[in-house]
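To keep things clear, I will list the structure first and then write my remarks on it.
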Amino acid sequence: MEQQYDPNTLEQIARDHWLANNSFAVQQDDSREKFYCLAMFPYPSGKLHMGHVRNYTIADVIARYQRMQGKNVLQPMGWDAFGLPAENAAIKNNVPPAHWTAQNIDYMREQLRQLGFAYDWDREIATCDPDYYRWEQWFFTRLFEKGLAYKKKAEVNWCETDQTVLANEQVVDGCCWRCDNPVERREIDQWFIKITDYAEQLLTDLDKLDQWPEQVRTMQRNWIGRSEGVDLDFDHNGEALSVYTTRPDTLMGATYLAVAPQHPVAKAAAVSNSELAAFVEAQSNIKVAEAEMATMEKLGMATGQFATHPLTGKQVPIWVANFVLMSYGSGAVMSVPAHDERDHAFACKYDLPIVQVVDKAGDEFSYDASTWQDWYADKADTTTINSAEFDGLDFQSAFNAIADKLEALGKGKPTVNYRLRDWGVSRQRYWGAPIPIINCDSCGAVAVPEKDLPVILPTEVAFEGVGSPIKKMPEFYETTCPSCGGDAIRETDTFDTFMESSWYYARYGCAKNDQAMLDGEADYWTPVDQYVGGIEHAILHLLYSRFYHKLLRDEGLVSSDEPFIRLLTQGMVLKDGAKMSKSKGNTVDPQSLIDQYGADTVRLFSMFAAPPEQSLEWSDSGVEGANRFLKRLWKLVHRHLAAEPAPVLDTATLTDQQKNARRKTHETIGKVNDDYGRRQTFNTAIAAIMELCNELGKLDDSAQSRAVMDEALRAVVLMLGPITPHVCHTLWPMLGGEGDVLNAAWPVADEAALTRDSIEIVVQVNGKVRAKMEIAADTDKATVEADALAQDNVQRFLEGVTVRKVIVVPGKLVNIVAN
RNA sequence: GCCCGGAUGGUGGAAUUGGUAGACACAGGAGACUUAAAAUCUCCCGGCUUCACAGCUGUGCGGGUUCAAGUCCCGCUCCGGGCACCA
C-alpha cells in the first residue's frame, strides 16, 4: 500500500475497473427486489455546475447504498436536450442548435464519468434524438384521437418589431430583451392537453405520495386549487352572462360584475365606445405571467352595459377589470365589495355601491363599509343579513339555500372548479419536437399517421435573425393531407420541452426499443423508487409528469398510478449567500476541483456541507477539509496494515477502551444506516463516521485493539463506499474484503456491542442544568431521583426553597421543580 | 400580489418524538516537530463575569403555552423557491 493518498491514480484505476466490468449495466431480474433511482436529467448547457454535482452525487449515494442492500438498482442518465438556450447560442455563435447541443453533451458526459457516477450508460437518451421524440409524437396523436388534445386561441408575448413570440424570461420590464421595444399580448392558435380532465385524480392521488415532502404536496394541492362553488347566470340583453363564485351566500351583496378585457361583452361594448376600446387595448401590454397580473395596478372601466341580478332582478353595472383572467372560469366574476378584499378596493376606487350581507356577532366585528377588515370575508360563525328570504343563515345554509333557489330557477348549479388550467404545449420555436399535425383546408387538423412518424426536425439550419427557421422552410412545411391527399401545411410549432421531460423516466426502462414507446421492461422498472431534483421543479415538471404517467397508464403502457414513489428535493448551491450565476461572477467550476482534489473529495464535501434539502453554501476551505479527512483515513488504514495482522476478535477479553471503541463502531453503523435510508441526511452520516475515525485514532496498538480496529475500518470503508466510491474501492481489498465494495453487503450493527453499563444523567433545577451524574444503566427511578437531589450543586440551588415536583425522564434527565 | 420554505457561534452546520444548544467541520489562536516553511500532530475556541469552582446570558424580532421551547401556538421582519413560454 502506498503511504500517501493519491486520488488521481486510484480514481482512474477504479473507473477503468467499473468500465471494464460494465459494473452498472442492469437487466430485469425478477429474483431480486428492483430499485429505480433517478436524478432529474440536465439541460446540456455546456458544462456541469455545482448544482448538478450535488444533485447527481445525492442520487448516486442513494443508488449505491440500495445496491449494497442487495437490490437490483437501475440508475440511468440522459439529456433534456431541447430548449431555448441552444437557439440563443445558435444566434450568437452561428452554430446550429443540434451541433452545439451534441458538443455540450459529449463534454458533460465525460465530466459525469469523472465523478464516478454509477450510471447504466447503455440506456442513455437525448430528447432531441428522433428515436426518442417519435414516441412523444406518436403518443400525442393518440391523445388527439381520444380528444385529449385540442386547439384553441391563447395569448403569447409578442414583439412586433422582431415579429416573434417571446418567452416570459425574454420580456424584461415589459420590453423585448433583444430590441427593447414594448411587448404586447397576442392571441394565436395553440395546442392544449386536457390536464383538467385529470385534476381530481391528480389531487386525490397526492394522498398516496406519503414519501414526498409535505411542502411539495401542499404546493401541488394549492396549484390544482379545487373549489366548490356555483355557476350562475346574470341576464345581459337576453343572453346568459355566466359567472363562477365560491360565495353564493353573498349573492345578494353583488353590486356589479367584472369581466376580463378579452371577454365578449367587453369586446362588443368597445366597438361603439372608443374610450373603452382604448382601455381594453391598453390592458394588452402586460406580460403573460401571473406575477405581473397580480402586482400591476388594478384598473377598471364601466362598459355602460348592465346585467340583471338572477334573484333580485335589479340592474347591476358591468365593468371591465384588468385583473379578471379570461382563462379562469368564464372570464367574468360577480363582485361583492362588502365581503371580498379585492372587490372592496375596486368599489372604493370607482365609487361603486357596497352592501353588507354577512354579519358576525361580537363587539369586535363592527361593520364599516369605508374600511376593509379581514373578518368581512369570514365564513365561520356568520349570519346573512340584507338578503331577504335568505336572512339569518350561516355560511353553509345560505350557500345551499341560494344554490337550490338558482337551480330551481334554472339560473345556476353547484360546480366544482379548479385553478389548474389546461396544458398549453405549442411553442413557436425551432429547437423542439415538431407537433405531428397537418393542417388541411378541407379536413382541418389531421394527425400525422404512425407510418409517417417521426416528423424529423431539420438540423442543418442557419439562424438568420430571429424566428424559427422551419417556419421559413417550404420543404419542411409543404405537404399533402393524409386524409384527402390535397395540398396541406405541416404544423411548424414545436412541443413545450416539458413534453419530453414528462416521460423520460419511463423510457429509460426500454431506451433501445424501436418497436414501442414503452414495453414490459419499462413497466418492470417504473415507478421510480427514488427521484432526486431541485425544489424549483416542485410544481410544473412534477405535476406534468404525474399527469403524463396517468395518460400512459390509460393507454396501457404502464400499470402504476404515480411515477415517483419517493421524492427528495435538493436545495440550491450558493456562494457568498447568493445563487451562483455568471452575471454575479460567483461561480465555482467543479472541473478545477476535480482536477485538484479528485472526485471523492468533491463528492464528500457536497454531501457533508449541508443536508440535501437545504441550500448549500460553497466553501473552498471546506473542500480542503474534506480532502484532509480522506488523507487521515488513508493514513489510519496504512498504519493498521503496516502493523502485525490483527488476531481474531475476542469480545470477552476487551478492555473498557476497546469495548468503548467497538460500541462506537456499532452505534455508528446504526446511525449511519438510519441517516442513509430513512432520514437521507448524509451530512450527519459523514459527521458520525468522522467522529468514529477520531475515536479509532486514539486506540493503542495491542493485539485486541488491532482486532477492534480491523472490524471498525471495514465498517468505515463500507459506509463511505456510496459517498467516496473510488478510495473505498481501493481500500476494501486491502482490508481483506472480497469482491468489489460496491457489491459488498451493507454492515449491520451488533446489538451485543451496544450495551452500556453506565449512563450520564443531567440534573436540572427549574429547567437549568446544575449537575451531571454517571449512574448504572439499570438504576431504578427512585434511586435516580434521590441521587439527583443529593448532588452538591443541586443542593446549593435548593437552599431556602421547597421542592414541588421532580420529573424524571428515564435515561436522560431529572428536572427538580422548586420555589 | 398569491402559494411554499428558511433564519442557530467568526463560517457551514448538529440537536431525529418538547428534555444537556453548538456534534462534525471550516476559519482563528497557542504549542510540538523543522535550520525554515509547508504538511502533520496536540490543546483552546458563542458572549459577559470569575484565579478557580462556577454563575449570568444566548437559537432573526415581539408575545404565549409548558416542569422544560431552537423545536409547539399567535403576530412580525428579512432572505430564498414557484407563479403555467427558463429548465
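Numbers restart at 1 for each chain; the letters A, B, ... are given by sequence-line order, proteins then strands. As the structure is a computational prediction, the values presented were derived from the model and not from experiment.
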Please determine if a side-chain N or O atom of [X] lies less than 4.0 Å away from the OP1 or OP2 oxygen of [N].
X	N	result
A:T497	B:rA87	yes
A:R419	B:rC83	no
A:N683	B:rA23	no
A:K768	B:rU20	no
A:Q570	B:rG81	no
A:N694	B:rC24	no
A:R770	B:rC56	yes
A:R679	B:rA15	yes

Under 4.0 Å between any heavy atoms, over every strand shown, what does [X] touch: base, sugar-phosphate, or nothing? Just pick one.
X	answer
A:K671	base
A:V806	nothing
A:R632	sugar-phosphate
A:V762	base
A:P42	nothing
A:S615	sugar-phosphate
A:L420	base
A:H541	nothing
A:R804	nothing
A:F498	base
A:W223	base
A:Q190	base
A:V809	base
A:F797	sugar-phosphate

Side chain of [X]: nearest nucleotide among [options]?
X	options	result
A:V817	B:rG12, B:rC67, B:rA87	B:rC67
A:R678	B:rC86, B:rG12, B:rU16	B:rU16
A:A289	B:rA84, B:rA21, B:rC24	B:rA84
A:I535	B:rU20, B:rG12, B:rG81	B:rG81
A:R628	B:rC26, B:rG12, B:rC83	B:rC26
A:T218	B:rC67, B:rU16, B:rC4	B:rC4

To the nearest angstrom, how far is [X] atom [atom1] from [N] atom [atom2]?
X	N	atom1	atom2	value
A:N793	B:rG55	CG	P	5 Å
A:F629	B:rG13	CZ	P	20 Å
A:Y504	B:rA87	OH	P	15 Å
A:M296	B:rC83	CE	C1'	14 Å
A:L692	B:rA25	CG	P	12 Å
A:E536	B:rC83	CD	C1'	14 Å
A:K194	B:rA84	NZ	P	23 Å
A:I761	B:rA68	CD1	P	20 Å

> Aromatic rings A:H541 and A:Y531: how do their planes relate, parallel, tilted or perpendicular, breaks at 30° and 60°?
Replying inline: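 The rings of A:H541 and A:Y531 sit tilted, inter-plane angle from 30° to 60°.
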Write down the distance separating the [atom1] atoms in [N] and [M], rounded off to the nearest Å.
N	M	atom1	value
B:rC51	B:rG5	C1'	50 Å
B:rG70	B:rG19	P	10 Å
B:rG9	B:rC2	P	30 Å
B:rU11	B:rA7	P	15 Å
B:rG64	B:rA69	P	13 Å
B:rA21	B:rU71	C1'	11 Å
B:rU34	B:rA23	C1'	34 Å
B:rG12	B:rG46	C1'	16 Å

Closest non-hydrogen atom pair between [X] and [Y], with its separation:
X	Y	value
A:F41	A:Y56	C-OH, 3.5 Å
A:A538	A:M219	CB-CE, 3.7 Å
A:P434	A:F495	O-CE1, 4.0 Å
A:P213	A:E613	CG-OE2, 4.1 Å
A:V794	A:A771	CG2-CB, 4.0 Å
A:V817	A:N766	CA-OD1, 3.5 Å

[X] [atom1]: over 12 foreign heavy atoms closer than 6.0 Å:
X	atom1	value
A:D173	CG	no
A:E2	CD	no
A:K349	NZ	yes

>> Among A:Y504, A:W423, A:W223, A:Y505, exactly one meets ring pair (Phe, Tyr, Trp, His ring centres under 6.0 Å) together with A:Y544. Which residue is that?
In response: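 When A:Y504, A:W423, A:W223, A:Y505 are each tested with A:Y544, the ring pair (Phe, Tyr, Trp, His ring centres under 6.0 Å) holds only for A:W423.
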> Nearest nucleotide by nearest heavy atom, which residue falls closer to the 5' end of RNA chain B, A:Q170 or A:D675?
Replying inline: A:D675
> Mapping A:E169 and A:N222 to their closest nucleotides on RNA chain B, which lands nearer the 5' end?
Replying inline: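 On the 5' side of the pair lies A:N222.
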> Quick one: does A:N815 reach the base of B:rC67 with a side-chain donor-acceptor pair under 3.5 Å?
Replying inline: yes
> In which stems does RNA chain B show up, taking only runs of three or more Watson-Crick or G-U wobble pairs whose two distances fall under 3.5 Å?
Replying inline: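 Listed by first number, the stems are B:1-7 with B:77-83, B:10-12 with B:24-26, B:28-32 with B:40-44, B:46-49 with B:54-57, B:60-64 with B:72-76.
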> Would A:K152 count as a cation-pi partner of A:F192, with NZ or CZ less than 6.0 Å from the six-membered ring centre and within 45° of the ring normal?
Replying inline: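 Yes - A:K152 lies over the ring of A:F192, closer than 6.0 Å to its centre and within 45° of its axis.
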>> Checking understanding here: a glycosidic angle within 90° of 0 is syn, the rest anti, so what is B:rG9?
In response: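 Glycosidic conformation of B:rG9: syn.
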